[in-house]
Amino acid sequence: MKRRAGVRNAVGKCVAVPRRKRDARKSLALAIFGARPAFAEQLHVGRPNIGNRGRFLARLNDILDRRWLTNRGQYVIELERRIARLAGARNCILVTNGTIGLELLIRALGLRGEVIVPAFTFVATAHALQWQEITPVFADIDRETHCLDPRSVEAAITPRTTGIIGVHLWGRPCAIDELSSLAGRHKLKLMFDAAHAFGCSHGGRMIGSFGEAEVFSFHATKIMHTFEGGAIVTNNDDLAEKLRLMQNFGFQGYDKVVYLGINGKMSEVSAAMGLTNLESLDEVIERNRANYRAYAKHLAELPGVKLFPYDDRHRSNYQYVVALVGDDAPLTRDELVTVLHTENVMARRYFYPGLHRMEPYRTYFPDAHRLLPRTEQVCREVLILPTGTSVTGNNVARICAVIRTAIEHAVPVRERLLRQGPPTP
Ligand SMILES: Cc1ncc(COP(=O)(O)O)c(C=O)c1O
């Protein structure tokens, strides 16, 4: 008796694969079926932007000639001035990286006990609290914005709560007005993790001047970077003064230490890269916007797959192209990731599986997922696609052709993946 091949579809039902379709897969131009990968070299999410190499090298030579390498040299001072102006804030303190920026700010604000954060963010948001023995309490997100849902935040407030950290995920501003009034009513400090949101706005006002203070990351993969680095921006002069002391061991002058501090200073070479990057920021945003539009065009009307929309009321840096692979899609998000990796498209599942499922939080709060249904859903759906200055319109068209082919031939694709073994991510 002849055996019939069968695969399970996205909702787990067993589907027989007709012989015609099994034969058709031979002609599918996908690397999982043995075709040449769509890209000869790996295409990454967040490949660094370099800016004008000549200008960077000139600055580097100048730094070496003057032998002033760190400790608030002229490049750091200049970059702080430009960032403060761009973010519409009175003060900017450049720091070693965004995580140190969060830690310094959390400490300077006197947060303790419990602080409410999303579980759908990069792990540093919660680690910056836990590192200082403050308990991160996870609130759920809004599915439309992927940012904190103020109702879930309010439900998480206890007598031990001292603050809220909103995260402007994907550069999209979180519910700033609602969170501000919530913080005011409950006498909580409100700060923002703006790691993704450099160059973005909330309505007509730039991200950088909301809450007590906001923290940018200038990690190499960010739209504007300083190799490693970050910045705290605030309109509160007293807070800025305190942060400057804390960032430099508590030194106030040569021999006078007036505060418990740490080393959170940015070096001159990092600031030189930041200044160089800043000069091409508009071009980079334009490239990202063009890529985003190309993805939107090529992925239109694909069943179960859509792009996370940017809100036109706000300025965005389009730094992330976020595709959402719904439960109704013919392939799961993880299956698509495997298909794309085989084509050398290194798509990523940010911020899977959610902070509440990572250590140490998983052990501390084993039941947190019950209170975070929308976080759980979004963790299953998000697929980050490559963009940035190293990705061209033709690259985008080819990536989308892979996704379309895989989705349109979901049954043989799944059958092949099942035979191939566990997924790569
Ligand atoms: C949302 C978020 N918060 C914090 C950080 C930490 O920034 P850094 O890598 O500069 O320490 C990152 C980034 O990498 C991030 O994406």
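Residue numbers start at 1 and run along the sequence shown. Since the model is a prediction, treat every value here as computed from it, not as a measurement. Atoms within a ligand are numbered from 1 in the order they appear, just like the ligands themselves.
Partners of Asn61 according to the side-chain hydrogen bond (donor to acceptor under 3.5 Å, both in side chains) rule, which considers only residues two or more places apart in sequence or in another chain, do not exist here.
Side chains of Gln247 and Arg244: no donor on one and acceptor on the other come within 3.5 Å. For the 3.5 Å distance criterion, the side chains of His127 and Tyr361 qualify, holding a donor opposite an acceptor. Remark: the Asn49 side chain and the Thr389 side chain contain an N/O donor-acceptor pair separated by less than 3.5 Å.
Within the 4.5 Å cutoff, side-chain heavy atoms of Leu355 are placed close to those of Phe138. For the pair Leu275 and Tyr75, the minimum side-chain heavy-atom distance is below 4.5 Å.
Proximity of Gly101 to ligand 1 is not established, as no heavy-atom distance is less than 4.0 Å. Put simply, no part of Glu228 is less than 4.0 Å from ligand 1, judged by heavy atoms.
Atom 10 (O) of ligand 1 has its nearest heavy-atom neighbour, among Ala195, Ala231, Ser217, Ala220, in Ser217.
Atoms of ligand 1 lying under 4.0 Å from any heavy atom of Asn97, numbered from 1 in the order shown and given with element: 10 (O), 11 (O). With ligand atoms numbered from 1 in the order given, ligand 1 contributes 6 (C), 7 (O), 8 (P), 11 (O) to contacts under 4.0 Å with heavy atoms of Thr99. Close approach to Gly229 involves these atoms of ligand 1, each under 4.0 Å from a residue heavy atom: 10 (O).
Between Ala124 and ligand 1, a contact under 3.5 Å exists for no N or O pair.
Screening residues 384-400 for salt bridge (Lys or Arg N to Asp or Glu O under 4.0 Å), with sequence neighbours left out, gives no hits.
Counting protein heavy atoms only, atom 3 (N) of ligand 1 is closest to Asp193 OD2, 2.7 Å. In terms of protein heavy-atom proximity, atom 16 (O) of ligand 1 is closest to His196 NE2, 2.8 Å. What sits closest to atom 13 (C) of ligand 1 on the protein, heavy atoms only, is Lys222 NZ, 3.1 Å. Counting only heavy atoms of the protein, atom 5 (C) of ligand 1 lies nearest to Phe122 CD2, 3.7 Å.
In this structure, the ring of His356 has its center no less than 6.0 angstrom from the ring center of Phe365.
Looking at Thr121 against ligand 1, only its side chain comes within 4.0 Å, counting heavy atoms.
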